[in-house]
Amino acid sequence: MQYALVNNERHLPQPQLRGLCPACGRECLPKCGSKIAWHWAHHGKFHCDPWWENETDWHRNWKSLFPEKLREIVHFDSSTGEKHVADIKTERGLVIELQHSPMPLEELQSRERFYGRMIWIVDAKGFAANFEIQKAPLPHPQADLLKDVVFFPNCASAFWRKSEQMVGSALAELHDSKLIADQVAENYRGHHFFTWKKPRSVWFDSTMPVFFDFGDETLLRLCQYGDSGQWCVQRIGKRALVVKNGGVYLS
Ligand SMILES: [Zn+2]
């Protein structure tokens with residue numbers, strides 16, 4: 001943890017200090033070695049929050065984009081007495097959870113239920129080699145164009161038209177998407193199909209916005225492509241997301 005309570009105030013770790021965990025109130029010790037990122041830890045390897053992940057540089061980098069008062073915010077459900085530490089909570093009450101490791105479905109569901117209004121930022125570097133975004137752009141899922149145009153499953157470079165399909169037949173002529181490139185470009189909002197070998201399928205069950213962070217300036221938001229049942233991603237600028245939520249992004 002970056003913060004513990006010292007004299008009832010949130011405090012960064014310093015050698016010699018003693019602090020209390022803001023979630024459980026137990027004593028925390030400052031870990032201030034020359035080769036580690038300074039942090040607070042409970043005694044032993046214990047952490048009171050079962051959802052807590054060992055913090056990586058990736059977590060720290062994300063948290064550092066937001067003001068200190070928005071980081072590691074204790075969230076308390078007064079009806080159940082349950083307490084957890086949200087990675088980031090914005091002024092508007094949106095929780096931003098940073099997830100590095102794979103996670104069981106039950107935990108995903110509990111966390112979404114507990115926080116209510118939240119988004120996930122997922123460290124995607126661990127599966128980047130298995131994930132490929134298709135180059136061909138898609139029109140956004142609400143585009144009028146899609147009333148007639150249907151893309152070939154998981155392939156934005158070929159399509160057929162509902163208007164050309166003969167009644168009672170499943171057959172329709174396939175066209176090259178270059179034919180509608182101008183209309184696609186006009187309706188492009190960053191959507192692409194993707195292929196993902198050995199996917200971390202838990203993310204398809206999320207009911208909250210999920211953003212994959214592959215370590216560059218663009219996040220990929222996982223979304224369904226209209227009501228086609230297909231999945232796509234939408235490119236979202238990292239800066240835009242951070243700034244919109246009260247952070248500061250210097251690239
Ligand atoms: Zn604790």
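Numbers here are sequence positions counted from 1. All ligand and atom numbering here is 1-based and tracks the order in the structure. When reading the values below, keep in mind they use all heavy atoms of this one structure, side chains included, and skip hydrogens, waters and symmetry mates.
A salt bridge is defined here as a Lys NZ or Arg NE, NH1 or NH2 lying under 4.0 Å from an Asp or Glu carboxylate O, and Lys69 with Glu91 meets this definition.
Within the protein, the N, O or S atoms sitting under 2.8 Å from the Zn ion (ligand 1) are Cys21 SG, Cys24 SG, His42 NE2, Cys48 SG.
Looking at Asp176, Asp182, Ile180 one by one, the single match for side chain to side chain contact (heavy atoms under 4.5 Å, CB included) with Lys178 turns out to be Asp176.
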Pair Asp87-Arg71, salt bridge (charged side-chain N to carboxylate O under 4.0 Å, His left out): steps then yes or no | CA-CA 6 Å; Asp87 289 320; Arg71 304 179 203 163; over 6 Å; no

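For Phe76, the ring pair (Phe, Tyr, Trp, His ring centres under 6.0 Å) criterion is met by no residue, not counting sequence neighbours.
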With a cut-off of 3.5 Å and sequence neighbours excluded, list every side-chain donor-acceptor pair involving residues 203-210.
residue, atom, partner, partner atom, Å
Ser206, OG, Glu112, OE2, 2.6
Ser206, OG, Met208, N, 3.0
Ser206, OG, Met208, O, 3.0
Thr207, OG1, Glu112, OE1, 2.8

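Among residue pairs with one or both ends in residues 132-153, those qualifying as side chain to side chain donor-acceptor pair (under 3.5 Å) are Asp144-Lys147, Asp148-Arg161, Asp148-Ser163; sequence neighbours excluded.
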